[in-house]
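Numbered from 1 within each chain, the chains take letters A, B, ... in sequence-line order. Model, not experiment: these values are computed from the prediction.
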Amino acid sequence: MNEKYFPEEIEERQQRRWAEAGVFEVEANPGREKFYCLEMLPYPSGRIHMGHVRNYSIGDALSHFKRMQGFNVLHPMGWDAFGMPAENAAIKNNARPDQWTLENIDSMRVQLQRMGFCYDWRREIASCTPEYYRWNQWFFLQMYRKGLLYRKNATVNWCVQCNTSLANEQAEGGFCWRHEDTPVELRELEQWFIRVTQYADELLDSLDGLEGGWPERVLAMQRNWIGRSRGAEVDFEIAGDPARKIRIFTTRIDTIFGANAVIVAPEHELIDELIASGRAGGELKSFVEKQRAVSREDRIAEGAEKQGVPTGLSVINPFSGEKLPVWTANFVLTGYGTGAIMAVPAHDERDFEFSVKFDLPIRRVIKEAGAALPDDAAVEAPFTPKDESGVLINSRPFDGMTVPQASEAMTAYAVKNGFGKAQTNFKIRDWGVSRQRAWGTPLPFVHCAKCGIVPVPEDQLPIALPTDLNFNTQGAPLAEHESFVNTTCPSCGEPARRDTDTMDTFVDSSWYYFRYVDPKNEALPFSPETAAYWTPVDQYIGGIEHAVLHLIYTRLWTKIMRDLGLIQFGEPVKRLLTQGMVCLASYRCEEHDWIYPNEVIDGKCRFCQRPVTIGRIEKMSKSKKNTVDPDEMIRIYGADTVRLFMLFAAPPEKDLEWSEAGAEGASRFLGRVWRIIYKWHERLAGAAEGEFSAEARALRRKTHQTIKRVTHDIGERLNFNTAVAAMMELTNEIYAFDGTLKGDPAATDRFALREAMESLAKLLAPFTPHVAEELWAHMGHDEIVVGAAWPVFDPDLARDEELEIPVQLNGKLIARVVVPADISDDDLQAAALASDRVQARLEGREIVKTIIVPKRLVNLVAK
RNA sequence: GCGAAAGUGGCGGAACUGGUAGACGCGCCAGACUUAGGAUCUGGUGCCGUGAGGCGUGGGGGUUCGAGUCCCCCCUUUCGCACCA
């Protein structure tokens with residue numbers, strides 16, 4: 001054993017040892033309990049960054065821990081390998097995207113292996129290989145057959161930078177998810193869509209079952225995104241034209257007697273009719289023209305100012321028979337509901353604002369339950385109860401009903417009389433999965449002049465993506481690749497053309513972790529039997545940024561796979577951990593503004609030598625040029641230190657500020673462990689149990705308490721930071737014990753030391769496996785520590801012998817007394833009163849009450 | 001505007017169900033060993049006060065023998081959603 005801790009030397013050696021022993025290679029084994037630990041797979045950009053290191057260090061620690069606890073742990077890694085950057089590199093450097101990607105994968109794999117992560121590398125996948133993407137195509141064929149995949153002409157989001165269409169989830173707020181400063185355009189395109197809406201109810205409802213296992217934040221974002229609203233559609237006849245009706249959507253049919261207008265979106269077909277028939281006035285025409293020219297996002301961005309004009313038409317309220325004007329207004333959106341609403345100002349914020357502005361009549365139809373209120377009292381603000389607290393008034397047969405009662409009764413009334421129905425609407429839309437890009441999974445369909453769209457037969461899969469594409473073109477490389485495009489129709493045999501779009505890369509990541517389970521399967525994406533053993537995922541770890549992208553798609557895909565009979569459950573991930581970002585502090589220099597830590601030398605700006613002050617803390621990113629290279633840190637400190645710091649510096653779900661000083665501290669701790677074990681490793685022989693000294697008993701107690709704490713902190717709470725703190729305490733205790741030993745220590749002292757050090761090595765294994773392995777070996781073990789059993793604490797040994805009990809006077813701490821751990825309440829009270837400090841404070845005061853929390857506290861209440 | 005989470009030393013952060021606030025680490029101070037040390041080991045380190053003691057978990061109120069933790073009001077920060085009828 002070397003006297004000093006040299007990480008670079010031992011890390012490589014231990015990695016080789018693990019690989020040779022195959023400790024991380026696992027197979028399904030129904031006789032053993034499994035644990036599937038998954039981290040979000042990276043895009044092969046070329047280099048791993050600190051965010052990856054953090055993500056994978058968390059997953060790695062948990063995987064080690066579960067394996068040592070006896071679980072059969074599946075812990076795989078792969079590559080989300082299709083996507084834009086490869087194509088851009090191909091255009092820029094005249095390279096081939098496949099080569100560019102595969103080279104990046106090779107160098108990133110080396111980086112991950114240098115970190116020593118415990119993946120079963122035999123299961124590695126890359127989504128750009130035909131062995132993988134053929135199953136994307138296979139899934140598309142199954143979905144097409146089931147009517148879950150369809151083609152339609154639609155207005156889609158288009159990013160000019162990506163040069164492709166995007167799904168709604170990828171264009172949230174009107175900006176491309178990859179180019180956050182690039183607004184999306186709207187284009188008309190024929191596209192493939194996956195029928196998400198068919199699963200909308202289930203996607204929403206089954207979120208309830210994830211409570212506790214998924215962060216509330218993510219659940220809230222998904223619920224929001226799915227956006228279910230239950231209500232009704234009601235037809236309003238146009239006055240003087242009973243055949244024509246305007247259908248509105250409302251969630252508050254109970255307020256319909258309070259409607260003062262029907263408002264349609266500027267895009268509504270009725271407006272087109274009015275304009276076409278020459279019945280639209282000039283004001284209406286110019287308003288509609290203006291509104292249609294601005295996008296939905298711009299309309300919102302313009303502010304909340306309500307604008308609208310009357311159309312000149314009137315409709316009849318089917319409930320009251322009342323005649324109401326029809327308006328068009330900017331805040332009524334096309335594409336949601338029916339693009340038409342009824343306005344009820346007394347019970348809706350927006351309608352209230354609108355009616356006040358345009359001076360429309362406001363009538364109250366709901367009052368607060370139990371409240372005395374004149375039915376004709378003026379409305380100062382809208383009253384919007386959705387439960388029993390609202391009672392109907394001014395609504396004739398429905399008067400006196402509560403809001404929920406009325407909603408049901410009035411919907412039924414509308415159904416019975418043929419002018420309405422219950423209707424549930426969603427914000428979530430079907431998933432547009434066609435991409436006008438070349439580096440993606442080809443769609444398994446041909447376009448035949450005679451037969452139309454024809455699916456490629458399964459036995460012809462994969463439809464391979466050509467590797468000799470010409471990116472030096474204004475057009476679409478795939479569409480210009482003659483031998484790819486030109487084919488024959490599988491149905492009639494006549495010449496036909498392949499679909500030249502590719503799949504959204506979120507398709508790849510929707511099911512990749514099922515492929516890890518059975519990565520070489522050539523008959524199916526995976527064997528249902530094998531998947532039944534390994535899946536669902538027990539713990540998934542990744543960034544929050546996929547809360548409504550990947551995580552909603554993969555939940556959808558799971559439900560589809562279930563309906564295809566491949567699996568038996570609908571939710572793929574039991575527990576989700578969204579880890580915080582890795583950040584870096586920047587500094588403030590008077591002359592040079594914000595500068596980064598590497599530009600600060602001895603507290604001074606390297607450019608002008610002026611002193612700097614600490615400034616803001618930002619997420620590490622290439623565009624901000626404030627990244628820290630993991631390789632560089634590994635070179636300086638070793639992988640173990642980098643991992644340890646990542647886990648110690650902050651709880652996993654919080655942001656973590658990278659700090660070189662913090663890394664130094666982690667490194668120092670490992671050096672400390674190394675030195676004390678180096679000092680003793682050859683003198684542990686001869687250890688034996690017997691009559692332990694008080695000091696030895698204290699060390700053993702600390703050892704067992706530490707095992708208990710670390711086990712709990714990792715296993716129950718995923719709080720790696722406090723687990724590390726506990727191990728540091730144990731190390732400090734070992735040093736303290738070492739300081740009490742003189743001369744040749746007794747066999748029992750050696751035993752206590754050996755127990756503490758061996759436990760420490762095992763507890764460290766999930767965090768810093770290399771150094772743990774090395775120390776374990778030096779203490780005389782041939783077996784591999786990461787394959788060894790997790791230590792179990794002995795409650796008897798962990799139990800305190802003495803307790804330090806606080807004594808309070810009226811709730812304020814005045815003394816502490818040391819008492820035997822098994823003390824009775826009476827003895828505890830006596831001990832407290834016997835204390836000199838307590839006596840001094842009690843002088844001349846009368847105790848009126850004593851509160852004793854057994855073995856915890858004494859509180860004296862005195863006048 | 002609506003919703004959620006959070007606000008604790010110089011800093012990162014501890015504190016399970018109300019019960020010793022500040023574990024652990026960084027930084028800082030002192031000592032030891034050293035030719036030297038930015039290595040290592042030991043001790044100290046919330047604030048005020050020489051002291052006894054007092055004050056302290058964003059601010060203000062409350063419940064309680066006892067509140068960082070529970071309740072009410074306010075402030076700040078971060079993150080979601082933002083005309084979805």
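Across residues 850-859 of chain A, A/I851, A/V853, A/R856, A/L857, A/N859 each have a non-hydrogen atom less than 4.0 Å from an atom of RNA chain B (numbered order).
For A/N224 and B/C79, the CG to P distance is 17 Å, given to the nearest whole Å. Distance CZ (A/R217) to P (B/G3): 18 Å, rounded to an integer number of Å. One atom, CG of A/L584, and another, P of B/G12, lie 15 Å apart when rounded to the nearest Å. The interatomic distance linking A/K849 (NZ) with B/U64 (P) rounds to 11 Å, in whole Å. Rounding to whole angstrom units, CG of residue A/L333 and P of B/C83 are separated by 7 Å. We find that CG of A/L828 is positioned 13 Å from C1' of B/U20, with the value rounded to whole Å. What separates CG of A/L656 from P of B/C11 is a distance of 18 Å, to the nearest Å. Whole-Å rounding puts the A/R54 CZ to B/G12 C1' distance at 12 Å.
Taking the six-membered ring where the residue is Trp, A/F720 and A/F767 present perpendicular rings, their angle passing 60° and hence far from 30°.
As rounded to the nearest Å, B/G53 and B/G1 have P atoms that lie 50 Å from one another. Rounded to whole Å, the separation between the C1' atoms of B/G68 and B/A30 comes to 33 Å. For the C1' atom pair drawn from B/G54 and B/A5, the interatomic distance equals 35 Å after rounding to whole Å. If you take atom C1' in B/C24 and the same atom in B/G38, they sit 23 Å apart, rounded to whole Å. Taking the C1' atom of each, B/G22 and B/G44 are spaced 16 Å apart, rounded to whole Å. Nucleotides B/G25 and B/A6 place their C1' atoms 22 Å apart, quoted to the nearest Å. B/C71 and B/U17 have their P atoms separated by 13 Å, given to the nearest Å. B/G9 sits 13 Å from B/A23 when the P atoms are compared, rounded to a whole Å.
Between A/R228 and A/D201 a salt bridge is recorded (basic side-chain N to carboxylate O distance below 4.0 Å).
Between the side chains of A/R230 and A/N425, no donor N or O sits under 3.5 Å from an acceptor N or O.
Of the listed residues (A/Y5, A/W680, A/F669), just one forms a ring pair (Phe, Tyr, Trp, His ring centres under 6.0 Å) with A/W674, and that residue is A/Y5.
For A/H546, the side-chain hydrogen bond (donor to acceptor under 3.5 Å, both in side chains) criterion is met by no residue, not counting sequence neighbours. Applying the side-chain hydrogen bond (donor to acceptor under 3.5 Å, both in side chains) rule to A/E211 yields the partners A/R223; only residues at least two apart in sequence or on another chain are considered. A search for ring-ring contact (aromatic ring centres under 6.0 Å, His included) contacts involving A/W177 returns A/F506, not counting sequence neighbours. In this structure A/F645 satisfies the ring-ring contact (aromatic ring centres under 6.0 Å, His included) test together with A/W658, sequence neighbours excluded. Under the rule for a side-chain hydrogen bond (donor to acceptor under 3.5 Å, both in side chains), the partners of A/S621 that lie at least two apart in sequence or sit in another chain are A/S623. For A/E545, the side-chain contact (heavy atoms from CB on, under 4.5 Å) criterion is met by no residue, not counting sequence neighbours.
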Review item, nucleotides 34-38 of chain B N/O atoms under 3.5 Å of protein N/O:
none

Which atom pairs link the protein and nucleotides 21-30 of chain B when you take only N or O atoms and keep those under 3.5 Å?
residue: B/A23; atom: O2'; partner: A/E729; partner atom: OE2; Å: 2.8
residue: B/G25; atom: OP1; partner: A/N732; partner atom: ND2; Å: 3.4
residue: B/C26; atom: OP1; partner: A/R668; partner atom: NE; Å: 3.1
residue: B/C26; atom: OP1; partner: A/R668; partner atom: NH2; Å: 2.8
residue: B/G27; atom: OP2; partner: A/R668; partner atom: NH2; Å: 3.3

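Residue A/E716 is classed as having no contact, given no heavy-atom separation below 4.0 Å to the nucleic acid. As judged by a 4.0 angstrom heavy-atom cut-off over every strand, A/A649 is placed among residues touching the sugar-phosphate backbone only.
Two residues, A/H712 and A/D351, neighbour RNA chain B, and the one matched to the more 5' nucleotide by heavy-atom proximity is A/H712. With RNA chain B read from its 5' end, the first of the two nearest nucleotides for A/K812 and A/A650 is the one closest to A/A650.
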With a cut-off of 3.5 Å and sequence neighbours excluded, list every side-chain donor-acceptor pair involving residues 810-820 of chain A.
residue: A/N810; atom: OD1; partner: A/A862; partner atom: N; Å: 2.9
residue: A/N810; atom: ND2; partner: A/A862; partner atom: O; Å: 3.3

Let me have the donor-acceptor pairs involving side chains of residues 847-856 of chain A, under 3.5 Å, with sequence neighbours excluded, atom names and distances please.
none

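For A/D836, the CG atom sits in a loose shell: 12 or fewer heavy atoms of surrounding residues, nucleotides or ligands are nearer than 6.0 Å. For A/K357, the NZ atom sits in a packed shell: over 12 heavy atoms of surrounding residues, nucleotides or ligands are nearer than 6.0 Å.
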Task: Watson-Crick and G-U pairing of RNA chain B written in dot-bracket, each distance under 3.5 angstrom, with | for inter-strand partners - done: (((((((..(((......[....)))((((((.......))))))(((....)))..(((((..]....))))))))))))....
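A/L324 approaches A/A259 most closely through the heavy-atom pair CD2-O, 3.4 Å. For the residue pair A/F354 and A/A329, the shortest heavy atom distance occurs at CE1-CB, 3.8 Å.
Glycosidic torsion of B/G9 falls within 90° of 0, placing the base in syn.
One finds a side-chain N or O of A/R675 lying less than 4.0 angstrom from the OP1 or OP2 phosphate oxygen of B/C41. The phosphate of B/C41 (OP1 or OP2) has a side-chain N or O of A/Y735 nearer than 4.0 angstrom.
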